[in-house]
**Q** 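Below is one structure. I have some questions about it.
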Amino acid sequence: MTISRRGFLGALGIAGAASTMPGNAQAWQSKAPPAPYGCLVDLTRCVGCRKCELACKEVNGLPEPAVKFDDLTILDAKRRPDQNVFTVINRYYTGRIDERDRLVPTYVKVQCMHCQDPACVSACITGALTKKENGAVHYDVNKCIGCRYCMAACPFEIPAYEYDRPILPRVRKCTFCFERISKEGGRPGCAAICPVEAITFGRRPELLRLARNRIDGDPGKYIDHIYGEQEVGGTSWLYISNVDFQKVGFQELPARPMPQTTETIQSALFSYLWSPLALFGVLGAVMGVTSRKHHAADHGKEDGHDA
Amino acid sequence: MTHKPQPIDRPFWTPGVLVMLALMIAAGVTLIIRYTYGLAAVTNLSNHYPWGIWIGLDVASGVALAAGGFTTAFLAHILGRHYYEAVTRPALLTAALGYTFVALAVFFDIGRSWAIWKPIFYQNHNSALFEVAMCVMVYVTVLWIEFIPVLAERLGKKIRLLAFLNRSLDKTMWVFIILGVVLSCMHQSSLGTLMVIAPTKTSPLWATPLQPLLFLTSAFAVGYPMVVVETAIATSSLKLESEMNVLTPLSKITILLLGIYMALKLGDLISRGAYVTLLDGSAQSNAFLVEVGLGVVLPWIMLLFPAVRRSRRLLFVAALLIVSGVMLNRFNVFVVSFKAPYANHPYYPAIGEILVTAGAVATIFFLYRLIVTWFPVLSAQRQEVSR
C-alpha cells in the first residue's frame, strides 16, 4: 500500500504542479493594434434623435423595426442591442435639472465597444472573431460553430444570437462598419449621420487627446473620466460625460484586459505541449516499472503479494 | 486474476428500462423541435444567458463524473494495482458512455451542429474551449479503443475486424491508457479555465484564477466515489453481490484526494477574502454552502470513520454526496455563478432543456444496462480476495 500511495502522490504532485507553475511561459503581451480607428461619444451632445439607429439599420441591411425610428416613446424603456439591432439609444434621468427646474435627460448610445484586447476574440474556439488592425472586432460566419463562448466572455454583454434559426444561426453585433472604414475617408454609418457631432470618428490616440482637451477645457461640465481609455485594457469606442457613468448604464470594469489571466494559464501549461508530454513521460516510466514488477511476480512464486 | 468479467444473466426488459425509454422518446421529440424551430423554441437561452444546463450539467458535470475512467485506469494499469481491476471495466464503460454524451450535448447545444468539425481546422490556441474540444474529441476515441478488448471478447469470433484490432492493441494498449490519463488531466483543468475569462460576470465565490486546479483536483477526488455509486447502483439493480472488498480501499484513497481538493477550495476562498458574502442568504451563497458543506466537508468527515468505509449503505451515501457536490460545483460555476450585467430576470432551464438532459441520462443508463447484459463488463463477485 505504501509504495503505491507514494507513486500516486508523486504523479498527483506533478499534475498539480503542472496546473499552477508558470513553466516556461513568457509574460503576457497585449495584441492591441497601436493606432486603431475609434469613436468618441460625447454624452453631453447627444439629443436622442435615433438617427444613428436608422443609419445602422440601412448600412447593415438589418430588418425593419417594429417601432419606427422617429417614435421616441421607445426611449421610455431601457433596451439592449440584439440580433436585429446593432445599436440603441437609451435615455436616463439622473436628477440633473435645467434653469427652469425640468429634468434633463442623458442619452447613451450602446453598441460593441471593439475592445483593444477583446475577451470574445480570445475565447472564440475557431478564431471566427478577430481584432483587425483598423480597430474593428470582426466576425467571420464561415468559421463560427455557434458555441456562444464569445457571449459568455464579453464583459459588455454585446454579442447576440439568432436563437430562432435552427440550422444557420449567426452571432450578431456591431461591425464597426468594417467595409466602410476600410475605404479611404469612410466612416461608420452612425458617426456619419449624427446631426450634432456627438460621435467623432478617428484614430484612437487622437480621440483620447480630443477627449482630454474637451474635459480640460470645461472641467466644470465634464466628469474627469474617459470611459474606454482604461476599462478592460482599453476599447476603440470611448465616452465622455457630464454625469457619473454608473448612473447611465455603464459598468465599473477593471483595467486588466479580460483575456490576460486565461491566456497566461493556457500558454504556461500548453506552449509546445510541454506539460502533457512531461506527464506522458512520467506516467510511462511509472507504468514501465510497475509492469516489470508485475511480470517478475508472475514468473516467480505466487505468494499473494499484490504489488 | 481473481475476477472474471462476464455478461449478466438477467432479463433486460424491466419497468425501469421502460421509464428510460419514455424519457428517451421525450428528449428525441424535443430535439426534433430544436432542429425545426431553433434553440429558442426549446430553451430559455438568451442574449443575456448564452449557456444553460446543457453546458453546465450535460457537458461540465458529465466530464467530471466520467473521471472514474482515468482515475481507475491510473490505479490499476499504471500503478499496477491489479487488485482494483474488477472496477476498471465498468468505470471505463461509464467514461466512454459519459464522454460520448458530452460530445452529443455539445452537438445539440451549438447553433451550427453540422460545423462541429471546424475547430480541427480553424484553431485558436488562446481559447480554453478549443483545448477542451480537442481533448474531448481525442479522448472519446481513446476510450472506445480501450473498450475494444471487451467487445472482442464477446464478438471476436463473429467479427474478424474486432479480433484483429484486439490483437494489434495487445502491444500498444499502454499508449492509450497513458494518453487517456494525460488527456483527462488536460481538459479537466481547462474546463475550469473557461469562466476565468469573465471575472466580472461570475460570482466572487467561484471567480478565481485557481479554478483550473480546483477542477482538476475535484476530478481526481470524484473518480472513485463515482465508481462506488455506479457499482452500488449496478449491483443492487442487477441483484449482484456488492464489491465492498474493492470499494472500501478505494474510499480510503478518496480521503486523501478529497482532502487535497477541500484544502485548496477553502484556502482559495479564504485567501481571496471571498467568504465575506457567504452568509448573505443569496442564491449564490446558499449554493456554495451546499456545494462545499454537504458535497465536500460532510462526506470527507464521514469517510474518516472505518465503519462508514466498511458499510455498504453509508459508503454509498458518502460517495453520493461527493458526486453530487462535484456535479453541483460544475453547475454552480457555469450557471448559478453567472451574472448577466444587463439581464432583468434570472435564467431557469426550460422544460425542453430538462427533457433533453433527462433523456441523455436515461440513454446512458439504458446503454449501460444493455452493454453489461451482453458484454463482459461486470465481475461476478463470488470469492473473497486475499490481501
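These figures come from a predicted structure and were not determined experimentally. Throughout, protein chains are lettered first and strands after them, A, B, ... in sequence-line order, and every chain is numbered starting at 1. Just so it is clear, the values below take in all heavy atoms, side chains as well, and ignore hydrogens, waters and symmetry mates.
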**Q** Please flag which part of A:Gln266 lies under 4.5 Å from any non-hydrogen atom of chain B: side chain, backbone, both or neither.
**A** side chain
**Q** Is the count of non-hydrogen atoms from other residues, nucleotides or ligands lying under 6.0 Å from A:Gln246 atom CD greater than 12?
**A** yes
**Q** If you measure from CG on B:Asn124 to CG on A:Leu129, what distance do you get to the nearest 0.5 Å?
**A** 9.5 Å
**Q** Please look at A:Phe156 and chain B and tell me whether the side chain, the backbone, both or neither of the residue comes under 4.5 angstrom of a heavy atom of that chain.
**A** backbone
**Q** Which region of A:Lys173, side chain (C-beta onward) or backbone (N, CA, C, O), has a non-hydrogen atom less than 4.5 Å from a non-hydrogen atom of chain B, or is it both or neither?
**A** neither
**Q** Could you tell me which portion of A:Val141 (side chain, backbone, both or neither) has an atom closer than 4.5 angstrom to a non-hydrogen atom of chain B?
**A** both
**Q** Sort by residue number and list every residue of residues 144-153 of chain A having at least one heavy atom under 4.5 Å from chain B.
**A** A:Cys144, A:Ile145, A:Gly146, A:Cys147, A:Arg148, A:Tyr149, A:Met151, A:Ala152, A:Ala153
**Q** Do A:Ile265 and B:Pro212 make a side-chain contact, defined as non-hydrogen atoms from C-beta onward lying under 4.5 Å apart?
**A** yes
**Q** Could you tell me which portion of A:Leu273 (side chain, backbone, both or neither) has an atom closer than 4.5 angstrom to a non-hydrogen atom of chain B?
**A** side chain
**Q** Look only at the side chain of A:Arg165 and the backbone of B:Gly38, and say whether a donor-acceptor pair between them is shorter than 3.5 Å.
**A** no
**Q** Could you look at A:Leu253 and say if it's the side chain, the backbone, both or neither that has a heavy atom under 4.5 Å from chain B?
**A** side chain
**Q** What residue among A:Glu157, A:Gln83, A:Arg80 forms side chain to side chain donor-acceptor pair (under 3.5 Å) with B:Asn47?
**A** A:Gln83
**Q** Is A:Val121 in contact with chain B via its backbone, its side chain, both, or neither, using a 4.5 Å heavy-atom distance?
**A** backbone
**Q** Which answer fits A:Ser122, side chain, backbone, both or neither, if we ask what part of it has an atom under 4.5 Å from a heavy atom of chain B?
**A** both
**Q** I need the B:Trp174 CH2 to A:Leu283 CG distance, nearest 0.5 Å.
**A** 11.0 Å
**Q** CD1/B:Ile120 to OG1/A:Thr126 distance, rounded to the nearest 0.5 angstrom?
**A** 12.5 Å
**Q** Between the side chain of B:Lys201 and the main-chain N/O of A:Cys154, is any donor-acceptor distance below 3.5 Å?
**A** yes
